[in-house]
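Working notes, structure below.
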Amino acid sequence: MTVKVSVVIAVYNPGKYVEDCVSSLLRQSLTPDEFEVFFVDDGSTDETPARLDQLAAEHPHLHVIHQEASGWSGRPRNTGIAAAQGEYVMFVDHDDWLGDEALERMYEYGKANDADVVVGKMAGIGRPVPQELFRVNRPRATVENAPLIDSLTPHKMFRREFLNEHNMRFKEGRRRLEDHVFVAEAYLRAKSVAVLGDYLCYYHITRDDGSNAGFQRFDPAGYFGNLREALDVVEELTEPGPLRDKLFSRWLRNEMVERLRGNRLLKLPEDYAEELYREIRGVVTERFGPGVLARVAPTQRVVAGLIIADLYQDVRELARWEAGIKPTGSLTSLAWEKGALNIGFTAEYQVEDAPMTFRRDGEHDLLGLPLSDKALEALAGQSITLDAPVDKSDVDLVVRHREDATQYYLPLDSERHRPAAGEGSFRQQITARAVLDPETAAAGAPLAKGIWDLHLRIKSCGWSKETRLGAVRGEDVEAGRLAALTGEPRRMVLPYWTDGPGNLSLDVDQHTGKLEREAVALMDPAAGVVDGSTVRLPLPLHVAADSSEPVRLRFERKNVGKFPADAVVDGRTVSAPLPLEQLTGRRWAVRIGVPSAARGEARWTRLPVDVVVDADGTARVIDRHTPPAKPAAKKKPAPPRPPRPLWRRVAGRLKRALTKQKTS
């Protein structure tokens, strides 16, 4: 059988971190005869070589190539390309891992679209990854119609014949950005690039020991010397003009301007920060003209203009101001409608805990940046204005899996508002209403079981910052925070507030036992009643008016028994007959059985009510936290008073006699 995919992994002293990578490869949905793996050991000095040799002995499709240390990942990746036999070559880092169906899905998508390059959706665990690129599937992506240039790491599939046709290999030796050079060339030479956005293929991991190669402080001169090589590739394969300017703006934005903003600059040692600035300024003034600056956001253009004018102290002052910017969001409404959770919120930027303001000058909206007169003059000389395109500001609401960082954008509608903030100034608030359907939120598929957190992202004037939603909320929001049953088979989705900050998260399909704790807030024990032999209890669930959910009840007491009841759901109420003969004379815990798709059966949760059935068969519902009634204790008679000692009686008589004698 033809090998579909060759996975190439450059390995150097990964220690325990290689195990997650190996496990993900062994879980792949492709059969072992459909793909091969080459671990290229680049002179490891830890226990890794022996571990890899053991794996290769156990799994015929895993191979190990040992070579002398080369200092970086370029040479081992090239060794892997030379050994590969697959139609496609996939590059993986030794401390990352793949989704279980990643190789199969990426291969099939690449074949279906005759792609030279296949880019699978990425998640960053502890590190940033591109977001916009993976909003949708892009079967025919190019650097012109998609933000491909935002993703320059090599963790993609490349058609092997395509690589050989153009003799594409990684630059070797101890160097930075060899992946930028390789991937940029691939994008510009490829006849077709396919972006798979509806399945999480690649998990980009931050090691807890902080030793990822890309996180180490670099030598600025060497780094930006290597960056020029990526720019050289773009110049070789494009003509001067808008496309080249667009591509160049990626490096200006990500590798230069953003390194000199906010805390990212301020946290660096001052001597290193200034050295970094000098190297950045060298590239900016050598390679980037006005057309490149025009392609970045307004605030990024301002920083670039200050760099060109060599106003380093102004760059630092602006960074100090930007370090105080934070996004804020207020949850205004929460309600289930037709199986979907509707989420209303407002969003706004703050600076130093006060709302960010903009200036209005005639027909122009202007950024309120703290710039010196010298800086303003220098920017004006470069035709860089402080125009603030606030009408293009926008928000996103993202639902993100807490364990593996899988995330999806929620559909929403938004409006921009301009509250006045003093004479000639205004704030910008965005109001929005998002819809979270648990059965379609995952790019048309159901959300997987687990905890999903909601993240608000505000994009405005070159700032793109993220915060959680829910800690600030309106008084009426709690009333809509009910669990609901969705999907077929049915499963529960529970909105809840996280401990501490009180942010909004979802527990999908009872991943935890939170329903028992949340039921205390979601249902009123006083609303439970007994009518004859039927108990009626409020439900901690949202139930559509025209539906009846498969909810069950049972009454139980430790060391006595469990007695199920035939439950009937009617709106927010569940009713069930009481098996009085079995319950009489005792207090019983009430448990609700809520369906779980993953379990295939109900999961039982104790409600915050108990049922008490007296000896005469009379039943009542009480708050479970009410202590059991204790029989009144009989009042004990006071013990008889002991007689006074003789010496006390004699002393008393003498005292009275002396008193009488004195008075007479």
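Note that the structure is a prediction, hence the values are computed from the model and not measured.
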Determine yes or no for a side-chain-to-main-chain donor-acceptor pair under 3.5 angstrom, with Ser23 supplying the side chain and Asp20 the backbone. no

Going by atom types alone, do Thr299 and Arg261 pair a side-chain donor with an acceptor below 3.5 Å? yes

Listing, residues 267-274 side-chain donor-acceptor contacts under 3.5 Å, not counting sequence neighbours, or none:
residue : atom : partner : partner atom : Å
Tyr272  : OH   : Phe218  : O            : 2.7

Which of these passes ring-ring contact (aromatic ring centres under 6.0 Å, His included) with His155: Tyr203, Phe182, Tyr202? Tyr202

Minimum side-chain heavy-atom gap Phe134-Leu200 below 4.5 Å: no

Paired with Tyr187, the side-chain contact (heavy atoms from CB on, under 4.5 Å) test is passed by just one of Asp116, Leu152, Thr142, namely Leu152

Decide, yes or no, whether a salt bridge links Arg457 with Asp394 under the criterion of side-chain N to carboxylate O below 4.0 Å. no

Just do the side-chain contact (heavy atoms from CB on, under 4.5 Å) check on His59 and Val22 with the steps written out, would you? CA-CA 11 Å; His59 304 281; Val22 170; over 6 Å; no

Any salt bridge linking Arg278 with Glu275? Criterion: basic side-chain nitrogen under 4.0 Å from a carboxylate oxygen. no

Across all chains, not counting sequence neighbours, the side chain to side chain contact (heavy atoms under 4.5 Å, CB included) partners of Arg51 are Glu19, Gln54, Leu55

Not counting sequence neighbours, which residues clear side chain to side chain contact (heavy atoms under 4.5 Å, CB included) with Asp499? List them please. Arg517

Once the angle between the rings of Tyr88 and Tyr107 is folded into 0 to 90°, is it parallel (under 30°), tilted (30 to 60°) or perpendicular (over 60°)? perpendicular

Whether Arg75 side chain and Glu172 backbone form a donor-acceptor pair below 3.5 Å: no

Check whether any side-chain N or O of Asp46 sits under 3.5 Å from a backbone N or O of Gly15 as a donor-acceptor pair, and report yes or no. yes

Would you check if Glu466 and Arg400 make a side-chain contact, meaning some heavy-atom pair closer than 4.5 Å? yes

For the residue pair Arg468 / Ser505, report whether a side-chain donor-acceptor contact shorter than 3.5 Å exists. yes

We want to know whether His180 and Asn226 form a side-chain donor-acceptor pair, criterion being a heavy-atom distance below 3.5 angstrom. no

Just wondering, are more than 12 heavy atoms of other shown residues or ligands nearer than 6.0 Å to NZ in Lys171? no

Within the 4.5 Å heavy-atom criterion, are Leu447 and Val493 side-chain neighbours or not? no

Is Arg27 positioned over the aromatic face of Trp97, cation under 6.0 angstrom from the ring centre and no more than 45 degrees off axis? no

Going by ring-ring contact (aromatic ring centres under 6.0 Å, His included), Phe170 matches just one of Phe91, Trp72, Phe158. Which one? Phe91

Is the distance between the ring centroids of His61 and Phe35 under 6.0 Å? yes

Scanning both residues in full, the closest heavy-atom pair of Asp150 with Pro130 reads O-CG, 3.4 Å

For the side chain of Arg250 and the backbone of Ile149, is there at least one donor-acceptor N/O pair under 3.5 Å apart? yes

Least distance between heavy atoms, Leu265 atom then Ala319 atom: CD2-CB, 4.0 Å

How many angstroms lie between CG in Leu456 and CG in Leu469, if you round to the nearest 0.5 Å? 6.0 Å

May I ask you to check whether Glu439 and Thr486 show a side-chain donor-acceptor distance below 3.5 Å? yes

Are Gln510 and Ser596 close enough that a side-chain donor and a side-chain acceptor fall under 3.5 Å? no

For the side chain of His94 and the backbone of Cys21, is there at least one donor-acceptor N/O pair under 3.5 Å apart? no

Would you indicate whether the side-chain heavy atoms of Leu494 and Leu506 approach each other to under 4.5 Å? no

Distance to the ring centre below 6.0 angstrom and angle to the axis at most 45 degrees; does that hold for Arg135 and Tyr409? yes

Using atom types as modelled and distance alone, determine if a side-chain donor or acceptor of Gln350 lies under 3.5 Å from a backbone N or O of Thr328. no

Is there a side-chain contact (heavy atoms from CB on, under 4.5 Å) between Val89 and Phe38? Walk through the geometry before answering. CA-CA 10 Å; Val89 179; Phe38 290 97; over 6 Å; no

Looking at Arg77 and Asp93, is any side-chain nitrogen of the basic one under 4.0 Å from a carboxylate oxygen of the acidic one? yes

Beyond-backbone contact of Ile307 with Phe288, side-chain heavy atoms, under 4.5 angstrom: no

If you take all heavy atoms of Thr153 and Met122, which pair is closest and at what distance? OG1-CE, 3.9 Å

Are the charged groups of Arg259 and Glu279 less than 4.0 angstrom apart, N to O? no

Residue Glu58 excluded, over 12 heavy atoms near CD under 6.0 Å: yes

Between Val64 and Leu52 the two heavy atoms that sit nearest each other are CG2-O, 3.3 Å

Is any NZ, NE, NH1 or NH2 atom of the basic residue among Glu185 and Arg169 found under 4.0 Å from an Asp or Glu carboxylate oxygen of the other? no

Smallest heavy-atom separation, Leu196 atom then Asn137 atom, equals C-OD1, 3.6 Å

Between the OG atom in Ser330 and the CZ atom in Arg473, the distance rounded to the nearest 0.5 Å is 10.0 Å

Closest approach of Gly126 and Thr206, non-hydrogen atoms and distance? O-OG1, 2.8 Å

Are Met256 and Leu227 close enough that some pair of their side-chain heavy atoms sits under 4.5 Å apart? yes

Any side-chain heavy-atom pair of Tyr312 and Arg281 under 4.5 Å: no

Determine whether the side chains of Ser73 and Asp42 contain a donor N or O and an acceptor N or O closer than 3.5 Å. no

May I ask you to say whether Arg176 pairs ionically with Glu255, meaning some side-chain N is under 4.0 Å from a carboxylate O? no

